[in-house]
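The block underneath contains the structure these notes are about, expressed in C-alpha cells.
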Amino acid sequence: MELVEERPYRFRIERHGDMRVPGVVFASRELLADAEQSLRQVVNVATLPGIVGASYAMPDIHWGYGFPIGGVAATAVDDDGVVSPGGVGFDISCGVRLLAADCERNEFERSLPAVMDGLDRAIPRGAGPGGVWRLTGPEQMEQILRGGSRYAVEQGHGEERDLIRCEDRGAVADADVTQVGERARERGLGQVGSLGSANHFLEVQQVAEVYDATAAAAFGIALDQVCVMIHCGSRGLGHQICTDHVRAMDRAMARYGISVPDRQLACTPVESPEGEAYLGAMAAAANYGRANRQLLSDATRAVFRRSAGVRLSLVYDVSHNLAKIESHLVDGVRRRLCVHRKGATRAFPPGHPDLPGDLREAGQPVLIPGTMGTASYVLTGVPGGDAFASTCHGAGRTMSRHEAARTVTGRQLRDRLEHGGIAVRPRSLRGLAEETPEAYKDVGAVVAVSEAAGLCRTVARLVPLGVVKG
DNA sequence: ATGTAC
C-alpha cells in the first residue's frame, strides 16, 4: 500500500481501482507498523457509493469487521449515499463516560479499598446476563430504547444535569423500536446496567496531569482530583441488531445495484427501507448503551456516597461507535451526510452550537480510555479539525487475546498491578490476562499523534487507582 | 465487541 506523507502525521492513499475518494490516514510510521490489513480496509471503504471527502483513519487504526476500527466515512444522503452496519461495528454506541469526584486523591486514599469492594459487589460484568436493573417487562425495554439516559434519569437514576453533559442530551430522537428484533430485545433484557467483558471497564482514576487548564476547568476537572471512567456499550442487544441488519443488507444490496469488495461492507442507501430500518434500530441500541452507562453511574454514585461520602458529577458521555446524520461542508457546499465513526470520537470544536453553554468556549470533551493500568486521556475538539470533526478513541490492540494470555497469567498481572498501587477487582483472571497492557498500542502515542495531526488538543491525563473488569 | 460458531 503506497502511503504519501502529505504533511506530518497525515498520509494519503491516492485513488486507484474502484476507489471513489482517496484514503487519508492520520498516524505516524510507527503506529502504522503491521497495519497492512487495516489499510486495505481503508481502501475498500473508499469504494462505497456516495462516500465524500475521503475514507479516513485515526491513529489507533486496526483491523475490524469490514471497516477498520478507527475508521471515519461520510456518505451524501442526497446522492444515494449508503449506510453500512460494518461502519459502526457490533458494539453499537460503545462509549465512555467520565465522572468527577468532589475530592482529591490524598483525602480519598483511605476509602479506596472500601469503595473497590463496594464496586466489586455493585457492578455487574463479564460475558452473559446480569445487570443493575431488573426490567418490569417489554414496555420498559421500549422506554429504554426510546429514552436512553433520559429515561433512566426520569426513573430516578441520575440528576437532570447529567443529561446536559451527555452527547445528544442522553438520547437520540430517531430510534425506531419496531426495527429491533425479538432476539435482540431478549438478549438485552437481562443486561441493562452491566459492563460486559474484554476491553470494557470501570476505573477509579486520578488526574495526573493537566495540559490545558482553561478547558479542564470548564470540564470540571483539576490536578489530583479523583474521577471515575466507565467504558461499555450496548451488550448483546447491539450485537444482535448488527447481526440482523448486516444479513438483511447483504440480501438487499444487489437490488440497489451495489457491489462491494468485501461482504462485510454490506450496505444500502441511507434513504432505503433497509437503510432506514438499520439507522432506526442502531439509534435504539445507542439509547440502550447510554441508559447502560447512566445506570452504572447511578450504582457507582451509591457506592461512593456510602463508602466514602463522596459525590460524583458527570463530565461527559460520548460514543465511539455510531453513524449520525450530520451537516458538513464538502468542497464549500453544505451537505447532509451519514457520518460513520467506528472506533472514532466526534470532537466538536469550541463554539459549536450543539455544545451545552458551559462547554461552548472550551469545545467538546473527548474521552479516551487507555489500557488497563496505564493511563486514560481527556481531549477536546479544535477549530478547523478534520475527518468531519473526529479524533481517536483509544489504544487499539496489537496482540490477539490468545497471544496476550500466553505472555502473562491473570494472577501475575493482578499482582503486578496491585504492587504498582492499583486495586484490581476482576471477574475473571483469564479475562484480565487477555487485557494486559502489552497487547495494546501506547495510548500516549495515539493521543500525541492525534493532537499533532490537528484532530484535537490534549486536556488531561488520568491514571488508575482501581480497576473493575469483566 | 459477542450466550467468543450456524
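Scope of the values below: all heavy atoms of this structure, side chains included, with no hydrogens, waters or symmetry mates. The chains referred to below are lettered A, B, ... by the order of the sequence lines, with proteins before strands, and numbering in each begins at 1.
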Between atom [atom1] in [X] and atom [atom2] in [N], what is the gap in whole Å?
| X | N | atom1 | atom2 | result |
| --- | --- | --- | --- | --- |
| A:Asn292 | B:dT2 | CG | P | 10 Å |
| A:Arg247 | B:dT2 | CZ | C1' | 14 Å |
| A:Phe90 | B:dA5 | CZ | P | 12 Å |
| A:Glu435 | B:dT2 | CD | C1' | 14 Å |
| A:Arg397 | B:dT4 | CZ | P | 17 Å |
| A:Asp91 | B:dT4 | CG | C1' | 14 Å |
| A:Gln240 | B:dT4 | CD | P | 12 Å |
| A:His200 | B:dT2 | NE2 | P | 5 Å |

Item to check | CH2-CG distance between A:Trp133 and A:Asp298, expressed to the nearest 0.5 angstrom | outcome: 9.5 Å

Checklist entry - Can a cation-pi geometry be assigned to A:Arg290 and A:Tyr288, taking NZ or CZ under 6.0 Å from the six-membered ring centre and within 45° of the ring axis? => result no

Using a 4.0 Å heavy-atom cut-off across all strands, classify [X] as base, sugar-phosphate, or nothing.
| X | result |
| --- | --- |
| A:Gly236 | sugar-phosphate |
| A:Glu434 | nothing |
| A:Arg183 | base |

For residues 237-245 of chain A, please give each side-chain donor-acceptor pair under 3.5 Å, one per line with the distance, not counting sequence neighbours.
from: A:Gln240; atom 1: OE1; to: A:Arg187; atom 2: NH1; distance (Å): 2.8
from: A:Gln240; atom 1: NE2; to: A:Asp244; atom 2: OD1; distance (Å): 3.0
from: A:Thr243; atom 1: OG1; to: A:His239; atom 2: O; distance (Å): 2.9
from: A:His245; atom 1: NE2; to: A:Gln179; atom 2: O; distance (Å): 3.2

Checklist entry - If only side-chain N and O atoms of A:Ser197 are considered, is one of them under 4.0 Å from the OP1 or OP2 phosphate oxygen of B:dT4? => result no

Checklist entry - So, is A:Arg235 near the phosphate of B:dT2, with a side-chain N or O under 4.0 Å from OP1 or OP2? => result yes

Item to check | Inter- and intrachain pairs under salt bridge (Lys or Arg N to Asp or Glu O under 4.0 Å), touching residues 442-460 of chain A, at least two apart | outcome: A:Asp212-A:Arg457

